[in-house]
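Values below: all heavy atoms of this structure, side chains included; hydrogens, waters and symmetry mates excluded. We count residues from 1, following the sequence as given.
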Amino acid sequence: QEHLVESGGGSVQAGGFLRLSCTASGDAINSYCMAWFRQAPGKEREEVATIDRNGRTNYADFVKGRFTISQDKDKNTLTLRMKSLKPEDTALYYCAADLALCSVVKGSPLGFEFWGQGTQVNVSG
């Protein structure tokens, strides 16, 4: 199993920057499809970005050009760099992992087996 712990959340003003980290304990993260999801109160959990074992990335339209997902195999860490933050980015951000290919599991939280507990991001206007 993979144990995931997120960190780096906080409060910023619109236009600001945050870097979220997800530290994995267990298997190497490049054995997995890794993803960031977010969920705002009263809304469905939505996929933000994925990165597969070959380093291929995929982004939701609402974060393209602003967010960057990456992974460091030496530190076994997943990162989400977020710039030009908007109030609508306010949410609880989750790290997720699954051994299936990203092409199979992407797009839905139902496809991911392992989850962190989330880190809160608040963006004020």
Between [X] and [Y], is any pair of side-chain heavy atoms under 4.5 Å apart?
X: I51; Y: L78; value: yes
X: E113; Y: Y32; value: no
X: L99; Y: E2; value: no
X: R66; Y: M82; value: no
X: T79; Y: R19; value: yes
X: V12; Y: F17; value: no
X: T23; Y: H3; value: no
X: R38; Y: V63; value: yes

Euclidean distance, [Y] [atom2] relative to [X] [atom1], rounded to 0.5 Å:
X: S25; Y: N76; atom1: OG; atom2: CG; answer: 7.5 Å
X: C33; Y: N54; atom1: SG; atom2: CG; answer: 11.5 Å
X: L18; Y: R81; atom1: CG; atom2: CZ; answer: 12.5 Å

If you compare all heavy atoms of [X] against all heavy atoms of [Y], which two are closest, and at what distance to 0.1 Å?
X: Y59; Y: T68; answer: OH-CA, 3.4 Å
X: E47; Y: S108; answer: OE1-N, 4.1 Å
X: T119; Y: G8; answer: OG1-N, 4.1 Å
X: I29; Y: A24; answer: CG2-CB, 3.4 Å
X: P87; Y: A14; answer: CD-CB, 4.1 Å
X: Q117; Y: L92; answer: O-CD2, 4.2 Å

Between F67 and Y93, how do the two ring planes meet: parallel, tilted or perpendicular, split at 30° and 60°?
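Aromatic pair F67/Y93 classed tilted.
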
Could you tell me how the ring of W115 sits relative to the ring of F37: parallel (under 30°), tilted (30 to 60°) or perpendicular (over 60°)?
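The rings of W115 and F37 sit tilted, inter-plane angle from 30° to 60°.
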
Heavy atoms from other residues, nucleotides or ligands near CD of Q120 exceed 12 (cutoff 6.0 Å)
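Correct, the count exceeds 12.
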
Would you confirm whether [X], through its side chain, and [Y], through its main-chain N or O, come within 3.5 Å as a donor-acceptor pair?
X: D72; Y: T77; value: no
X: N122; Y: G9; value: no
X: Y94; Y: E6; value: no

Do the side chains of L80 and F62 join up, straight or via other hydrophobic residues, at under 4.5 Å, putting them in one cluster?
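They do share one cluster, since a chain of ILVMFWY contacts under 4.5 Å joins L80 to F62.
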
Do W36 and V123 share a hydrophobic cluster (ILVMFWY, side-chain heavy atoms under 4.5 Å, transitive)?
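Same cluster: W36 reaches V123 through Ile, Leu, Val, Met, Phe, Trp or Tyr contacts under 4.5 Å.
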
Regarding D61 and K64, does a basic nitrogen lie under 4.0 Å from an acidic carboxylate oxygen?
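Judged by the 4.0 Å cut-off on N to carboxylate O distance, D61 and K64 do form a salt bridge.
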
